[in-house]
Protein chains: 2
Amino acid sequence: MLEVAPTDQASDTRRRILDAAEQIFADFGYAASGMKMIAAEAGVAQASLHYHFESKEGLYEKVVERRTAAINSARRSALEGLVAQDRSNDLEAILDALFRPALSPEAGGVNYARILAAMSSASKGRDVELVRRYYDDIAHHFIEVMARAVPPHDRRAAAWAYSYSIGALVSQMAHTGRSERLANEAPEQSDFEKRLRRLVRFCAAGIREVMVEEAESGAAN
Amino acid sequence: MLEVAPTDQASDTRRRILDAAEQIFADFGYAASGMKMIAAEAGVAQASLHYHFESKEGLYEKVVERRTAAINSARRSALEGLVAQDRSNDLEAILDALFRPALSPEAGGVNYARILAAMSSASKGRDVELVRRYYDDIAHHFIEVMARAVPPHDRRAAAWAYSYSIGALVSQMAHTGRSERLANEAPEQSDFEKRLRRLVRFCAAGIREVMVEEAESGAAN
DNA sequence: GTCTATATTTAGATAGAC
DNA sequence: GTCTATCTAAATATAGAC
């Protein structure tokens, strides 16, 4: 028994706190969430949160970190699968690899999706830094792949189209229920594959359009 | 002099408070913004905020209300202009009417845009209610117009495509600087018309794709 | 209508027993 | 490692002079 391994009880407490924090942060946002709320949700003393994560800030970062690794690792695996299948130029498949791990109920869950949606809309402060730290690498990777897949292979146009696509994705991840309300659908009427496919087709068409247009109008900005 | 008209001084104070609140709410988000901060930014006593707006909640709603009216009124005017010009089926022009008032520096300003971006990513609570109150009518209006403009005129498909488009729009309104970073551009290098046109083309292509696809796969969900 | 001063509540964080 | 109890700072909101 090495001492690097925490006790089973401590490990379980950490996980329970992370789950509770994810839930509370998703529901109320970072600033409006209280450490007392999180402690109550987790069923532990408030002091336990500070013992394991030091501060509210530290707890928040760990909540984000836990999910990000899983999502981006799934994205990279999916991309590698495409290369192995010689489908590197299949834009719809590329977007599927980008969106599916983020929308999937398994990888992260809807609570983390809501946290990410809030992070993405921030224009300054901690959330901007977290987006950069956890998502810029994967973004550059996908932009490069998209630029190679779609003629005339304009990397800058691909970057803008990528940003629009992430915007559309994030708006769907948050699950505000607004899309269904506007479409006159029951909140859970549309199944996952259908939603994913619709979003993929929307973005693929937009990406092709922007990349062609950008080339037509010249490289100057 | 009727007493319904407030004094010039009071009217100016109200406006200064609204401007300051808009700035602070945009920078820190609702929960992390303090009434003391806002009072300091406006150069008035904190008590003055409560005198004019009663509570933090009331102040926030007035901040949102002030800009929303201007934006949506500009959108409706632009749509009417299209009808008058017999361009009701010009999808790019319709999207221009939808996006321009929201992205324009005059109508609202970048601070309000950031507040709206935060509101749009909320999945429960006050912000969801505000989005519904201030933006559902105009959304239904534009969805109807889009459905009429694009064959095969599927209203439900138009609603989903509208949601994606708003997601892409909002991600750009927040001006996080991330798009420019990913595209390797200086933050203020790209001019307004160029950005607007690129976003319009992206969404127009996506909308056409989704509406055709939806019709091909049948009406069943 | 605007101010200073303060009441009241709640936040994040810590001390110390077990 | 987990708890109870508490500290200190900061929040919203209010009272009352001018």
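The structure presented is a predicted model; accordingly, all values stated were derived computationally and were not measured. Because only heavy atoms are used, hydrogens play no part in the values below, and waters and symmetry mates are left out as well, while side chains stay in. Within every chain, numbering begins at 1; the chains are lettered A, B, ... in the order of the sequence lines, protein sequences first and strands thereafter.
Nucleotides of DNA chain D nearest to B:G34 and A:H52 differ in position, and the one nearer the 5' end is that of A:H52.
The line from OG of B:S33 to CD of B:E41 is 11.0 Å long, rounded to the nearest 0.5 Å. In this structure, B:I94 CD1 and B:S165 OG are separated by 11.5 Å, a value rounded to the nearest 0.5 Å.
Between the OH atom of A:Y30 and the C1' atom of C:dA11 there is a distance of 11 Å, rounded to whole Å. Put simply, CZ on A:F28 is 15 Å from C1' on C:dA11, counting in whole angstrom units. Atom NZ of A:K56 and atom P of D:dA10 are 15 Å apart (whole Å). Atoms CZ (B:F25) and C1' (D:dT12) sit 12 Å apart, rounded to a whole Å. Whole-Å rounding puts the A:L49 CG to D:dC3 P distance at 10 Å. Nucleotide D:dA15 holds its P atom 14 Å from the CD atom of B:Q46, rounded to whole Å. Spacing between atom CZ of A:F53 and atom P of C:dT14 amounts to 16 Å, rounded to whole angstrom units. Between the CD1 atom of B:I24 and the P atom of D:dT12 there is a distance of 12 Å, rounded to whole Å.
The two atoms that bring A:V145 and A:L79 nearest to each other are CG2-CD1, 4.0 Å, heavy atoms only.
Checked against salt bridge (charged side-chain N to carboxylate O under 4.0 Å, His left out), A:R66 has the following partners two or more places apart in sequence or in another chain: A:D19, A:E22.
Pairs of Watson-Crick or G-U wobble type, with distances under 3.5 Å, assemble into runs of 3 or more in DNA chain D at these ranges: C:1-18 with D:1-18.
Side chain of A:A47, nearest nucleotide from D:dC3, D:dT12, C:dC3: D:dC3. Side-chain atoms of B:V44 lie closest to C:dC3 of the nucleotides D:dA13, C:dC3, D:dC3. Of the candidates C:dG12, D:dA13, C:dC3, the closest approach to any side-chain atom of B:M35 belongs to D:dA13. Nearest to the side-chain atoms of B:A45 among the listed nucleotides D:dC3, C:dC3, D:dA13 stands C:dC3.
A donor and an acceptor atom, one from each side chain of A:W160 and B:Q172, are nowhere located under 3.5 Å apart.
Taking 4.0 angstrom as the limit, A:H50 places none of its side-chain polar atoms (N or O) nearer than this to OP1 or OP2 of C:dT14. Using a 4.0 Å cut-off, no side-chain N or O of A:Y51 falls inside it from OP1 or OP2 of D:dT2. Residue B:T13 places no side-chain N or O under 4.0 Å from the OP1 or OP2 atom of C:dG1.
Between B:Y60 and B:Y30, the ring planes lie perpendicular to each other; the angle is over 60°, past the 30° to 60° tilted range.
B:D136 and A:R178 are joined by a salt bridge, as a carboxylate oxygen and a charged side-chain nitrogen come within less than 4.0 angstrom of each other.
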